Each structure stands twice: as structure tokens, then as C-alpha cells.
Participant: 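Before anything else, here's the structure in question.
Throughout, a chain's letter reflects where its sequence line sits, starting with A, and its residues are numbered from 1. These figures come from a predicted structure and were not determined experimentally.
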Number of protein chains: 2
Amino acid sequence: MSGTNRIYNFSAGPAVLPEAVLQQAQAELTSWQGCGISVMEMSHRSKQFTQIIEEAEADARSLYGIPDNYKVLFLQGGASLQFTMAAMNLMGDEADFITTGSWGSKAIGAAKLQGKANAIYSSKEFGFDRCPDLSTLDYSDTASYVHFTMNETIQGVDYGYDPEIGRELVCDMSSNIGCRPFDVSKYGMIYAGAQKNIGPAGMTLVIIREDLLEKIPDGLPPMLDYKVHADAGSCYNTPACWSIYMAGLVFKHWLSKGGLNAVQTLNAEKADLLYGTIDGSNGFYRGHAQNEFRSTMNVPFVITNDELTGKFIAEAKAEGLVELKGHRSVGGCRASIYNAFPIAGVVKLTQFMKEFAASNS
Amino acid sequence: MSGTNRIYNFSAGPAVLPEAVLQQAQAELTSWQGCGISVMEMSHRSKQFTQIIEEAEADARSLYGIPDNYKVLFLQGGASLQFTMAAMNLMGDEADFITTGSWGSKAIGAAKLQGKANAIYSSKEFGFDRCPDLSTLDYSDTASYVHFTMNETIQGVDYGYDPEIGRELVCDMSSNIGCRPFDVSKYGMIYAGAQKNIGPAGMTLVIIREDLLEKIPDGLPPMLDYKVHADAGSCYNTPACWSIYMAGLVFKHWLSKGGLNAVQTLNAEKADLLYGTIDGSNGFYRGHAQNEFRSTMNVPFVITNDELTGKFIAEAKAEGLVELKGHRSVGGCRASIYNAFPIAGVVKLTQFMKEFAASNS
């Protein structure tokens, strides 16, 4: 890995960043573009930081194809705060929730404190291994929106497409934003914690259609009001400047690599390698998600003989393949292979998996 | 400045960081302590990050003298979110607010959305140039707490001591935390946005006495509930990992320099130099705050002949003295000389001020 001592980090988030981005951040850490101060020391009202945040927004718009009638906000608090803010701002009396894993469960839990949150679907009875056929669900005609989680980080299930159901959609894309081209215009609002595919933790991207801002009730605390943040260009108060700067570098990185089509091609290659190894293991490894909903970002799997799990994780770690333990709520193993995860790391993992299976069968 | 091209940055926040801290962060940016990944890429549940956040907390406790019966939280959203959270969590029906500048005004504004926020004092009629005699105020006996802002960043007024009024105190110390020794046990809760004296923006330090956590009402959104964050060791969701890491380095830096007594001595030296220059200018410069409430952190001043202000700021900038423009709400000039601001920069500024006054009188 470029002659450094870097290892392969399969963390589900915070997660691997493009090495070129880290190197640029390192080079200009004490003096951004020769200006004599660090990005971490810049007034958020300064000319320099204004340039950074405006470029980050422009590059996000370009990379993700965000139409002009959507606002792009850089907020704090992660997706977990968005569960609450989306409900406070947009729910009115009622919204519909589709639950396909742990994050969707948290989202409806938080929304229930704000209003009538209808649980119109949950794949819990299937161990969260699938997404529903959206045409068959019983939506409420009085719901302000339908909320769903595009990719479930812990269970590794992804719809794989932009739904069209003729209803207002609010979508948590934290763990798969930008993993493939997507059509923002299909959504009322999209949010994504940065720490998987965008940049370091501490920043949350919110993309919201402008007309929805007009529906926000009066009297919300200003820090929890999308309109306040939109009107202030994400600088109502001091934003997470460093995380925004890093996100901007990441956006530029993917634009320079060919945008989301190129990212999708790379992700397919990585996912095919890994799922192929699981499927070709004669049952030694077993994936969690049903095939058609397999995430290209998070690949949870088990070793059928679960007694070997600890050994697998320890031996992988000794090979420089770290953070392969499954989430504490589900156990097993998980390899998160986000956009920035290098294919060489997947090659090394799959070689290791084959050797481990051969030695332990 | 250490052979780099660094300049003197008087920004009110985000603000200057200790150069040694920036250099350490730079050196280990791509691989923290040789572990092969960046702090920005670490799972917040990893052994490495757990060490980072636990050390940051321990060092904060040591540096600030935080007693064991207080929780230390690393949250997001800045002081602006704390205006709302403190009120949601602790206000009950009613709290008292003392306003000595712009931030105190925002705090009571946000609290009014949550309950009965009594404006028991404001120095607005004096242009926010002073703090009240706390023994003379008309407190409400049914108020849950008294809120005040220790140091007003924009107006540069600081109480200069820990109040003792026999009432529960909630204090915004964003712009002067750690500028001198302070007695945490005098407060129910202290909060401080990091970006002035702690670290990069995106993290807010909250210090709260444990028994107050038991008074928090049920049913708050989890992300806005101090008890949720306290029970989860600030990792209910992914925290602002990089900002916490940087804060930890800053805490260690000040501990190695002799702690808050040493910081106070340095700050006094810097403030004496600067206020001395203002007072010795035969009225060419004029400070804003009354003498006994002068902040050692933020020094707002005007050039009596205001027509010279633009020239002053431009010529200072050409000398590598940047961000001297006063806040847009009050105009004039402001030099923020936080803990990490080097004394050499104050020497250079005061020399420049004398020369400018001589050339333009």
C-alpha cells in the first residue's frame, strides 16, 4: 500500500478513506494551500473556508447529480439525529416506515416520539435478510412521507435501485451513498452520515427538496430546523469544518476517477470477488442477505462452524486484515468494502478466506 | 514560527491550535501510532479509538480538575445545540438567564421555546460592556437553574471568577474554558464548543453533575438526552472522532506545559500587553469592555477615528496578522488571543498597533 505501513481496514464506519485524500490532508494540515493556517483553525466565515464549503457543495452536486431545486446541507449529529430532525421537520401528524434492519428500527423508534409512525413493513421475521416488494405495501394516504434505509449496514441488505412509488420518500443512505449512480429527484430528502462513504465522522449530508422546507412547522429549536440551516448555507453556527473539508476532497477524488459509474464498476468487482468466494466455499462460509438484496458495501457472513469465527478474525488480523468481526448485535463476520476500500484488500481477503477454509475444513 | 509559513491568526473561532499539536496530528495522520490506519478511519468501537476517547476524558478531568461525580461528554452541534439541550433536559418549567452579550442572548432565545426563561439581567442597555453584581439580582426560587455565559466572545466581557450564589448554575464556557483554573464543583453543568480553546469545530464538551441526569424527563429524543450519551460514554452513535482525538492532544499539551496555572500566567501576559497598548494609545484605540470585566481571550476594540479601521485591518493582514476584523454585528476590531495563541503574535500586533497609531495620528 504505497510503501506506507497501512493495513486493510474493513470497519463498517468510521471507515477507510482514499489514501490520496489522506495524503493531501496530511501535506496541507498545518497550512492550507500555503495560507499559513490549518483548515482546523479557520474561521467558518473566512474567505478560505467559504471557498472550501462552496466547492464541497458544488462537487457533491456534480458527483451525485443533485438538481438545483434541492438544498445540500452539511450538519452534525449523524444519521441518528436525522431520525429525529426529519420527523420534527417533515412528519406532520404521520409518516410510514419500512424497516429492513437495525438502522430502520432506530429511525422508526425516534420518529414515534414525534408523531404517528406507521410500521408498514418489517423484515424482522426473516432476520432482516431482504427488502420488500414496494408495490405490495399498504401505505397510508395521510402519511407525509415514506421512510426507508437504502442499505442496512449491519445486515448488508440493499434495495439496489431508486424506488418509484408515487409517494414522498425520505431515505437514509448513510452506508451506500454514491456506491452507484442514483436519481436524487426520486426523493424528497436523503441523509447520510459521512463516516462510511463521504469523509470522517462528525458531519451528516442532507439533501432536501426546497419545497419541503416551506412545510416545516414554526417554533422548532433553530439547530433542529432544516430551514434555518438552509438559509444560512450550513453556517447558522460553526459547522464541522474539518469533516466538510475532508468530504470535499473525497468528492473531488471520485470525480477525478470518473464519477459514480466508475465507482459502481469498482464496487461490483469487489463484491463479486467476495460473494463469489463465499458462494464457492461449499458451505464453509454463508452470506446473510438474500442474493438479490446483497449489499456491495457491507458483506456480513458467518462461518458455518461458528467455533472457528474467533480464530478466523484473529488470523486475518495477523495478516493485516482488520475489523472483520460482525456487529455485536448479530455476531459472525462482516467485511465492509465501501467505495474507498481498495480492491487489493478484497483480493487479499478472499485469498485468506480460501486458505482458511482449506486448512480448517 | 518554527520555520513554517504559519501566520498569526486572531480568529474568534475556529481558532489557532498549538503548533506542536498540529505537527503531531500531521505526522500520524495516515497511521495513528503505527497502527496502519488514520484516526479518521477508526471504528469508534475499536480498541484504538476507545483508548483515544478514554485518554481524552482522563486528561480533560486532570487539566480542568473535574470531580468524579461529574460526567464528561463529547457531543456534537456546538454550544448552539446546548442552548436547546440544556433547556430540554434540565429546565423543567422555568430557569433564570443572565445576558451579557450575543451568546447569552441566543441562549435565552432558544430556551424560551422550551419553557419559562426568565430574563433576570441584561447588560444590553450598556452595549454589553459589563457583567452584573450577581448578589443583587432577583432570582426566581422556582427556577431550576441560572444560566450565564462566562465570557462573551463578541463583546469580550468575562466575569473572571466562579460565581457562588447558592443556586444551580449552567454555564457556557465556550470561549474561555481553561483560560484559568476554575472550580467545576461550583457548577451543575458547563458546556463549551471546542473550536476556541479545545480543538477543531464539530465537538462540544459537556461537564454535568451526575445527580442532574436523574432529573431529565422521559421521552426526549435519544440524541438530545444527556443521560443517553452519559450511559454510552459519548458513543451512543458515532461521535466526532477526529475532533475528540485533537482535543485529547490539546489537553495533553497543556498538561505538559504546567496546567491551567501556567496557561493563566501566559494569558495575563498577553492580555496585559494588548490592553496596555490600547490604554497607552492616547485614545487612538479604545477597548469595548469595562476594565474589570475585560476578557483575556477576546479583545474587541475600535479605532476612535473609525475611517482608519479598514486600513488598519488591511495593513495588519499584510504583516501576517489576520482575522482582526470585529464581528459583523458590532464592527471595529477584535483580537482573539486564546490559550494557544503565541505571545510572539501579541508582541508583533502591539508593535504594529503602535506604529500604525504613530503614522495615522
Side-chain angles (χ1 to χ4, degrees), chain A residues 4-7 9 11-17 19 22-23 25-26 29-31 34-38 40-46 76-81 83-84 109-110 113-114 193 195 199-203 219-224 236-243 246 320 322-323 328, chain B residues 4-7 9 11-17 19 22-23 25-26 29-31 34-38 40-46 76-81 83-84 109-110 113-114 193 195 199-203 219-224 236-243 246 320 322-323 328:
Chain A
T4 71
N5 68 342
R6 300 257 305 160
I7 57 176
N9 171 25
S11 171
V16 62
L17 291 164
E19 200 167 345
L22 290 174
Q23 283 164 355
Q26 183 173 43
L29 187 139
T30 63
S31 177
C35 79
I37 66 174
S38 174
M40 288 181 264
E41 303 174 300
M42 282 177 189
S43 166
H44 57 299
R45 314 271 178 211
S46 66
Q76 297 183 55
S80 294
L81 187 56
F83 300 158
T84 294
L113 298 170
Q114 305 299 325
Q195 66 270 18
M203 192 273 279
L220 289 180
M223 281 295 292
L224 302 175
Y236 168 72
N237 72 330
T238 314
C241 303
W242 177 259
S243 295
M246 288 293 298
V322 304
E323 296 286 354
R328 61 199 190 288
Chain B
T4 70
N5 68 343
R6 301 255 306 159
I7 58 175
N9 170 23
S11 171
V16 62
L17 290 164
E19 200 168 344
L22 290 174
Q23 283 163 355
Q26 184 173 42
L29 187 138
T30 63
S31 177
C35 79
I37 65 174
S38 174
M40 287 181 266
E41 302 173 301
M42 283 178 189
S43 165
H44 57 300
R45 314 269 179 213
S46 66
Q76 297 183 56
S80 295
L81 187 56
F83 300 159
T84 294
L113 298 170
Q114 306 299 325
Q195 66 270 18
M203 192 272 281
L220 289 180
M223 282 295 293
L224 302 175
Y236 168 71
N237 72 331
T238 314
C241 302
W242 177 259
S243 294
M246 288 294 299
V322 304
E323 296 288 353
R328 61 200 189 288

Participant: Considering all heavy atoms of both residues, which atom of A/Gln76 and which atom of B/Gly78 are nearest to each other, and what is their separation?
Facilitator: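 Nearest pair, atom of A/Gln76 first, then B/Gly78: OE1-N, 4.2 Å.
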Participant: What heavy-atom pair brings A/Thr238 and B/Ala201 nearest, and what distance separates the two atoms?
Facilitator: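 Reported closest heavy-atom pair: CG2-CB, 3.6 Å.
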Participant: To the nearest 0.5 angstrom, please state how far the OG1 atom of A/Thr30 sits from the CD atom of B/Gln26.
Facilitator: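 Here the interatomic distance stands at 4.5 Å.
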Participant: What heavy-atom pair brings A/Ser31 and B/Asn5 nearest, and what distance separates the two atoms?
Facilitator: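 That would be OG-OD1, 3.1 Å.
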Participant: Side chain from CB out, backbone as N, CA, C, O: work out which of these in A/Pro221 comes under 4.5 Å of a heavy atom of chain B, or both, or neither.
Facilitator: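 Both backbone and side chain of A/Pro221 come within 4.5 Å of chain B.
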Participant: Does any part of the side chain of A/Leu220, heavy atoms only, come nearer than 4.5 Å to the side chain of B/Leu113, both counted from C-beta?
Facilitator: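 Side-chain contact under 4.5 Å: no.
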Participant: For the candidates A/Gly219, A/Gly36, A/Pro222, A/Ala25, which exhibits the highest count of non-hydrogen atom pairs separated by less than 4.5 Å from chain B?
Facilitator: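 Between A/Gly219, A/Gly36, A/Pro222, A/Ala25, the count favours A/Gly36.
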Participant: Within the structure provided, determine whether B/Ile7 and A/Ile37 are in side-chain contact (heavy-atom separation under 4.5 Å).
Facilitator: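 A side-chain contact exists here, since the closest heavy-atom pair is under 4.5 Å.
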Participant: Looking only at non-hydrogen atoms, find the nearest pair between B/Leu22 and A/Met40 and report the distance.
Facilitator: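 Taking every non-hydrogen atom into account, CD2-CE, 4.1 Å.
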Participant: In terms of heavy-atom pairs under 4.5 Å with chain A, which of B/Pro200, B/Ala240, B/Ala15 leads?
Facilitator: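 Greatest number of close heavy-atom pairs with chain A: B/Ala15.
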Participant: Hey, are the side chains of B/Gln195 and A/His44 touching, using non-hydrogen atoms and a 4.5 Å cut-off?
Facilitator: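 Contact flag for B/Gln195/A/His44 side chains = no.
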Participant: Select one option (side chain, backbone, both, neither) describing which atoms of A/Ser243 are under 4.5 Å from chain B's heavy atoms.
Facilitator: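 Contact with chain B is absent: no heavy atom of A/Ser243 under 4.5 Å.
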Participant: For A/Met223 and B/Gly77, which heavy atoms make the closest approach, and how far apart are they?
Facilitator: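 Heavy atoms only, the tightest pair is CE-O, 3.2 Å.
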Participant: Grab the two heavy atoms, one from B/Cys241 and one from A/Pro14, that are nearest each other, plus how far apart they are.
Facilitator: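 In terms of heavy atoms, the two residues are closest at SG-CG, 4.0 Å.
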Participant: With rounding to the nearest 0.5 Å, note down the distance linking OG in B/Ser38 to CD in A/Gln23.
Facilitator: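 Here the rounded value is 11.5 Å.
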Participant: For A/Glu41, give me all partners under salt bridge (charged side-chain N to carboxylate O under 4.0 Å, His left out), at least two apart in sequence or on another chain.
Facilitator: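 Testing A/Glu41 for salt bridge (charged side-chain N to carboxylate O under 4.0 Å, His left out), a comparison that skips the adjacent residues, returns B/Arg6.
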Participant: Checking heavy atoms, do the side chain of A/Phe83, its backbone, both or neither come under 4.5 Å from chain B?
Facilitator: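 Neither part.
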